[in-house]
Amino acid sequence: MKTNGNFYITTAIPYVNAEPHLGHALELVQADVLARHRRLRGQPVRFLTGTDDHALKNVTAARAAGVGVTFFSA
C-alpha cells in the first residue's frame, strides 16, 4: 500500500462529566510525544484530540448533579 507520508494520530474522546484521571493524562502525553517525535524527523503530522461535549451521558450526569449541562462542558 502506498501512503502520502503524512502521520495521523488521534486520542480517545473523554467525557467531560467526571474528573480527569491519570489514564487521560497518560494517553494525551504519549500521543503528544509521538507527534513531536515524528515532526522532529520532518514528517507531516496531524494530531487530533478533544472532548465529547454533546453526549447523552453528560446530560444524565448533569441532571443527577442538579446542574446545567454547560457546567461540565464550559
Side-chain angles (χ1 to χ4, degrees):
M1 176 167 73
K2 220 173 177 183
T3 62
N4 62 2
N6 291 334
F7 185 74
Y8 299 94
I9 186 165
T10 63
T11 63
I13 301 175
Y15 291 109
V16 294
N17 63 347
E19 293 293 322
H21 55 76
L22 187 58
H24 292 132
L26 178 64
E27 178 183 16
L28 293 173
V29 169
Q30 287 174 335
D32 182 60
V33 167
L34 185 56
R36 289 171 188 255
H37 170 73
R38 294 289 183 129
R39 284 187 186 117
L40 284 172
R41 297 188 68 182
Q43 189 171 16
V45 175
R46 296 287 184 210
F47 180 23
L48 178 66
T49 189
T51 58
D52 188 358
D53 295 339
H54 302 288
L56 179 59
K57 197 178 227 185
N58 298 336
V59 175
T60 306
R63 285 184 184 153
V67 297
V69 178
T70 56
F71 177 79
F72 291 122
S73 61

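The figures that follow rest on heavy atoms only: side chains count, while hydrogens, waters and symmetry mates do not.
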Problem - Polar side-chain atom of Glu27 near backbone of Thr11 as donor-acceptor pair, under 3.5 Å - result: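 Between the backbone of Thr11 and the side chain of Glu27 there is no qualifying donor-acceptor contact (under 3.5 Å).
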Problem - Tyr8 six-ring centre to Arg46 NZ/CZ under 6.0 Å and within 45° of normal - result: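 The answer is no, since Arg46 fails at least one limit relative to Tyr8.
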Problem - Atom CZ of Arg63 with >12 non-hydrogen neighbours under 6.0 angstrom - result: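 Not more than 12 within 6.0 Å, no.
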Handout entry: Nonpolar side-chain network containing Leu28, other nodes, edges under 4.5 Å
Key =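 Besides Leu28, the hydrophobic cluster comprises nothing; the residue is isolated.
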Exercise for the section: Starting from Val29, walk the hydrophobic network (Ile, Leu, Val, Met, Phe, Trp, Tyr; side-chain heavy atoms closer than 4.5 Å) and list everyone else you reach, by chain and number. Expected result: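 Via sub-4.5 Å side-chain contacts, Val29 links to Val33.
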Problem - Test ring pair (Phe, Tyr, Trp, His ring centres under 6.0 Å) applied to His37 - qualifying residues, sequence neighbours left out - result: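 With neighbours one apart ignored, the set is empty.
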Exercise for the section: Could you state whether Leu34 and Phe47 fall into the same hydrophobic cluster, counting links through intermediate Ile, Leu, Val, Met, Phe, Trp or Tyr residues with side-chain heavy atoms under 4.5 angstrom apart? Expected result: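 Hydrophobic grouping puts Leu34 with Phe47.
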Practice task
Check Pro44 against Gly5 and note the closest heavy-atom contact, atom names and distance.
Solution key: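 Answer, listing the atom of Pro44 first, then Gly5: CD-O, 3.8 Å.
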Problem - Over all atoms of both residues, closest heavy-atom pair of Ile9 and Ala35 - result: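 The answer is CG2-CB, 4.3 Å.
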